[in-house]
S.K.: 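Take this structure, written in C-alpha cells, and hold onto it; I'll ask about it next.
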Amino acid sequence: MFLPVDEQLGRIRDGVAEIVPESELAAKLERSRVERKPLIVKQGFDPTRPDLHIGHAVSIHKLRTFQELGHRVVFVIGDFTALVGDPSGQSDARPMLTTAEIESNLQTYREQVFRILDPGLTEIRQNSEWLAGLRLEDILRLTSQYTVARMLERDDFADRYADEKPISLVEFLYPMMQAYDSVALEADIELGGTDQKFNLLLGRTLQERSGQEPQVCVLLPLLRGTDGERKMSKSYDNYVGLTMEPTDMFGRTMSIPDSLLAEWVQLASGASGVERSEWIGKADEDPLAVKRWLAETITARYHGSEAGAEARVAFDRVHRRRDVPEELETCVLSAGDEGTLWIGHVLARSGLARSTSEARRLIDQGGVKIDGEVVQDPECHVSPGSYVMQRGKRRFLRLVVEAAGGPENCPSTTDGDTGSG
RNA sequence: GGUGGGGUACCGAAGCGGCCAAACGGAGCAGACUGUAAAUCUGCCGGCGAAUGCCUACGGAGGUUCGAAUCCUCCCCCCACCA
C-alpha cells in the first residue's frame, strides 16, 4: 500500500520550498508505513474570495501527491477564520466578511478543488465545526500559550507596526485559530505557502502544548502573479483562475514577463522534472516558444489538451495576426429616439468604457474601432445593425444595435476581458 | 486618561484661503515600437452628448468668508509617547 519512504520523500520534496523539519517527516512516513496507517495531511483555505487560481493550485497539487501516496487529505475551509481574515503578508487589516459571503464562496471552492483533488479521497471540513463552539475560557487557555512579542516578530505585523498602521487584536487571534485547526484535526502534516510559515509553525507549538506530536510543515513556493512582482492574488488581478476560460488562461499566461518563465514552468506546468528543466533551459534563447508551450500546457492541465491547442490558435489569431477572435460576446443595445446611438453611449453601455467621458478619451486616442475602422469622430452615431467593436488591442464585442425601445443585453457590462488577459 | 502627530483621488504623497478636479510617483488605460510581454517614448487617468458650463470630491457634520482641501467649532478614526 505505501511506497518506500525514500520514494515518498522524493515525490513530496519535488517543488517544495521547505520542510520543517524534514527528519520528522521521514519518521512519520516510516511509522505510517509500518503501521499501515495513512498520515493526516491538512491545508486550509479561507473562502474570502470565490476564485482559486494556479497559485493555490501549487499546493493543491501537492495535496494530490499525498493522496496518490495513500495519505488522508483534509481540506479545511476556513469559514470561521475568514471572519477574521489572514493577516499574512497583508499590509492592511482586512475587512470582515459576512457569513452570507463566506457561504457562497464556500460552495464554489468545493467545485474548484475537485478539478485537482480526488473527491473520493478528500475530506472537506469547515473550521467552524470546532472553532465556533469554543468558549471564552478555551480561548483564554489558547492565547495564554503565546506572547505578544512573538506575534510582533512576524514581518507583516512588524512592518505595519513600524509603518504606524493599525493591527487589530483579532488579527493576533488568526494564527491561533489556524494553529488550533491542526490540534483539532491532529494533523501530521500541514501544507501552505511560504508566507504561511509562521502560522504553520504555531500549529506545531500548540499541538505540542496539547500533548500531540507536532505536525510537519511543508512550505510551497509562492507563485508570483502575471505582473511578475507580487504574489498571485485575485485582489491584484494578476492571477490565472482555475475556472477561467481556455482563451483567458492562455492569454494571461502569455502576458507574464519573460523573467517569470522559469518560475512558472517549475511551479505551474505540472510537467515532469526532466521536461521542466528542458524548457527552463530554453527560456533564455527562445522565451516566446517556452511561453507558448507553458500557456498551452497550463490551459491543457485544466481543460484538456484539445482546449489547450485551440486556445493557442485563438491567441495567434488575435495577437499575432491582429485578427478578430472567432467567438465574440454579443451585446445588444437599443437605439435612441432619433433611430441611432451615440458612440459614447455605445462604449459606456456595452462596458467597453466606464463612462462616456472615458469613451471620448479612448476615441481621441484612436483606441476604438468599428469593423476594423478607427473611429475618428467622438460625436458619431451608430445606426441599427451588427458590428464588431474593438477597444484597445484585445477587447472585442459583437455589437447589435436595434431600433429604439428594444431590450438591451450585455454580458459583461462590468469589466469583461473579452479576448484574453 | 494626558500630550503630540495624522486622515487628500485606486495606492503612496504634495498642497495649507482664490492660479485646485488638486503637483509628483506607482498602478491602470490608449497610441507608437515589439516576440505577447517587458523596457522605452507619447497621451490619458471624477462624472455629465464637451462645455471660458454644471455636478460630485480632499475623514464626518456645521460655521467664518465674495470665495475653503486650506481658517474656526464639534464629532469619528489612525499612530506615537506617557499613564
Side-chain angles (χ1 to χ4, degrees), chain A residues 90-93 95 152 157-169 171 224-230 233 235-238 240 247-264 282-296 298-299 311-323 325 333 335-338 340-349 351-369 374-382 389-396 415-421:
Chain A
Q90 293 296 314
S91 50
D92 290 296
L152 280 173
F157 284 150
D159 289 349
R160 274 158 68 182
Y161 197 66
D163 279 358
E164 309 190 346
K165 292 211 172 124
I167 301 169
S168 131
L169 271 185
E171 291 181 82
R224 278 181 294 170
T226 53
D227 56 8
E229 295 290 331
R230 298 172 292 189
S233 160
S235 40
Y236 300 144
D237 194 27
N238 64 355
V240 176
T247 48
D248 291 333
M249 269 196 176
F250 194 98
R252 289 231 172 188
T253 304
M254 287 305 285
S255 79
I256 67 172
D258 291 352
S259 57
L260 222 57
L261 271 175
E263 184 176 321
W264 275 48
K282 281 187 214 161
D284 278 339
E285 67 188 64
D286 193 354
L288 184 57
V290 177
K291 207 178 285 182
R292 286 166 61 81
W293 168 81
L294 177 68
E296 186 170 344
I298 289 175
T299 309
R312 190 194 64 231
V313 172
F315 183 88
D316 283 354
R317 189 183 164 92
V318 176
H319 294 271
R320 303 191 108 187
R321 306 213 314 268
R322 291 285 154 82
D323 220 341
L333 296 177
D337 293 337
E338 65 279 27
T340 58
L341 237 196
W342 175 48
I343 184 72
H345 282 150
V346 169
L347 291 166
R349 300 215 314 242
L352 288 178
R354 282 186 200 155
S355 61
T356 56
S357 299
E358 189 181 65
R360 276 178 188 283
R361 286 181 224 123
L362 286 168
I363 294 167
D364 281 346
Q365 298 181 115
V368 177
K369 289 183 190 167
V374 175
V375 175
Q376 307 281 356
D377 179 10
E379 302 299 330
C380 75
H381 283 64
V382 180
M389 296 290 304
Q390 183 176 357
R391 173 255 161 95
K393 285 190 178 66
R394 56 194 180 210
R395 287 180 61 179
F396 298 88
D415 198 21
D417 217 308
T418 320
S420 50

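Letters A, B, ... are given to chains in the order of the sequence lines, protein chains preceding strands, and every chain is numbered from 1. Remember, predicted model here, so these are calculated numbers, not experimental data.
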S.K.: Which base, if any, makes a Watson-Crick or G-U wobble pair with rG25(B), both distances under 3.5 Å?
M.R.: rC11(B)
S.K.: Show, in sequence, the C-alpha distance, side-chain angles and deciding distance for D316(A) and R292(A), and conclude whether the side chain to side chain contact (heavy atoms under 4.5 Å, CB included) test is met.
M.R.: CA-CA 10 Å; D316(A) 283 354; R292(A) 286 166 61 81; 2.7 Å; yes
S.K.: With heavy atoms under 4.0 Å as the rule, sort G392(A) into base, sugar-phosphate or nothing.
M.R.: sugar-phosphate
S.K.: Within the 4.0 Å limit for protein heavy atoms, which parts of nucleotides 43-51 of chain B are touched? Write it as a string from 5' to 3', B for base, S for sugar-phosphate only, - for none.
M.R.: BSS-SBBB-
S.K.: Rounded to whole Å, how long is the line connecting atom CZ of R391(A) with atom P of rG31(B)?
M.R.: 9 Å
S.K.: For a 4.5 angstrom cut-off between non-hydrogen side-chain atoms, does I343(A) reach V382(A)?
M.R.: yes
S.K.: On a whole-Å scale, what distance lies between the P atoms belonging to rU34(B) and rA21(B)?
M.R.: 41 Å
S.K.: Walk me through whether V318(A) and T247(A) qualify under side chain to side chain contact (heavy atoms under 4.5 Å, CB included).
M.R.: CA-CA 11 Å; V318(A) 176; T247(A) 48; over 6 Å; no
S.K.: Mind checking who rU73(B) pairs with, Watson-Crick or G-U wobble, both distances under 3.5 Å?
M.R.: rA61(B)
S.K.: Look for any protein N or O under 3.5 Å of an N or O in nucleotides 37-41 of chain B and output each such pair with its distance, or none.
M.R.:
{"residue": "rA37(B)", "atom": "OP1", "partner": "R394(A)", "partner atom": "NH1", "Å": "3.1"}
{"residue": "rA37(B)", "atom": "O2'", "partner": "S255(A)", "partner atom": "O", "Å": "2.9"}
{"residue": "rA37(B)", "atom": "N1", "partner": "D258(A)", "partner atom": "OD2", "Å": "3.2"}

S.K.: I'd like the P distance from rC19(B) over to rG6(B), given in whole Å.
M.R.: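 It works out to 24 Å between them.
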S.K.: Report the residues that fulfil side chain to side chain donor-acceptor pair (under 3.5 Å) with R224(A), sequence neighbours left out, ordered by chain and then residue number.
M.R.: E263(A)
S.K.: Just to verify, what does D286(A) make a salt bridge (Lys or Arg N to Asp or Glu O under 4.0 Å) with, not counting sequence neighbours?
M.R.: none
S.K.: Which residue lies toward the 5' end of RNA chain B, T253(A) or K369(A), if each is placed at its nearest nucleotide?
M.R.: K369(A)
S.K.: Using the C1' atom as the point on both nucleotides, what is the distance between rC33(B) and rG17(B), in whole Å?
M.R.: 48 Å
S.K.: Write down the distance separating the C1' atoms in rC71(B) and rU65(B), rounded off to the nearest Å.
M.R.: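 To the nearest whole Å, 9 Å.
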S.K.: Who passes side chain to side chain donor-acceptor pair (under 3.5 Å) against Q390(A), sequence neighbours left out?
M.R.: none
S.K.: Under the side chain to side chain donor-acceptor pair (under 3.5 Å) rule, collect the residues that match up with R230(A), sequence neighbours excluded.
M.R.: D227(A)
S.K.: Quantified in whole Å, what is the P atom distance between nucleotide rA27(B) and nucleotide rC11(B)?
M.R.: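 Pairwise P distance, rA27(B) against rC11(B), rounds to 16 Å.
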S.K.: Between rG12(B) and rA51(B), how far apart are the C1' atoms? Round to whole Å, please.
M.R.: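 Rounded to whole Å, the distance is 33 Å.
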S.K.: Work out how far the P atom of rU70(B) is from that of rG59(B), and round it to whole angstrom.
M.R.: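 The same atom, P, in both gives a distance of 8 Å.
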S.K.: Under a 3.5 Å distance rule, please check whether R312(A) uses its side chain to pair with a backbone N or O of E296(A) as donor and acceptor.
M.R.: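 No; zero donor-acceptor contacts below 3.5 Å.
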S.K.: Can you tell me how far apart CG (L362(A)) and CZ (R391(A)) are? Round to the nearest 0.5 Å.
M.R.: 5.0 Å
S.K.: When you match L362(A) and R230(A) each to their closest nucleotide on RNA chain B, which lands nearer the 5' end?
M.R.: R230(A)
S.K.: Round to a whole Å and report the spacing from CD of Q376(A) to P of rA30(B).
M.R.: 18 Å
S.K.: Could you tell me which nucleotide pairs with rA80(B) by Watson-Crick or G-U wobble geometry, both distances under 3.5 Å, or answer none if nothing does?
M.R.: rU3(B)
S.K.: Quick one: label P287(A) by what it contacts on the DNA or RNA (base, sugar-phosphate, nothing), any heavy atom closer than 4.0 Å.
M.R.: base
S.K.: I'd like the P distance from rG25(B) over to rC44(B), given in whole Å.
M.R.: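 Result for the P pair: 13 Å, nearest Å.
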S.K.: Flag the pair F315(A) / T253(A) as yes when at least one side-chain heavy-atom distance between them is below 4.5 Å, and no otherwise.
M.R.: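 They are not in side-chain contact.
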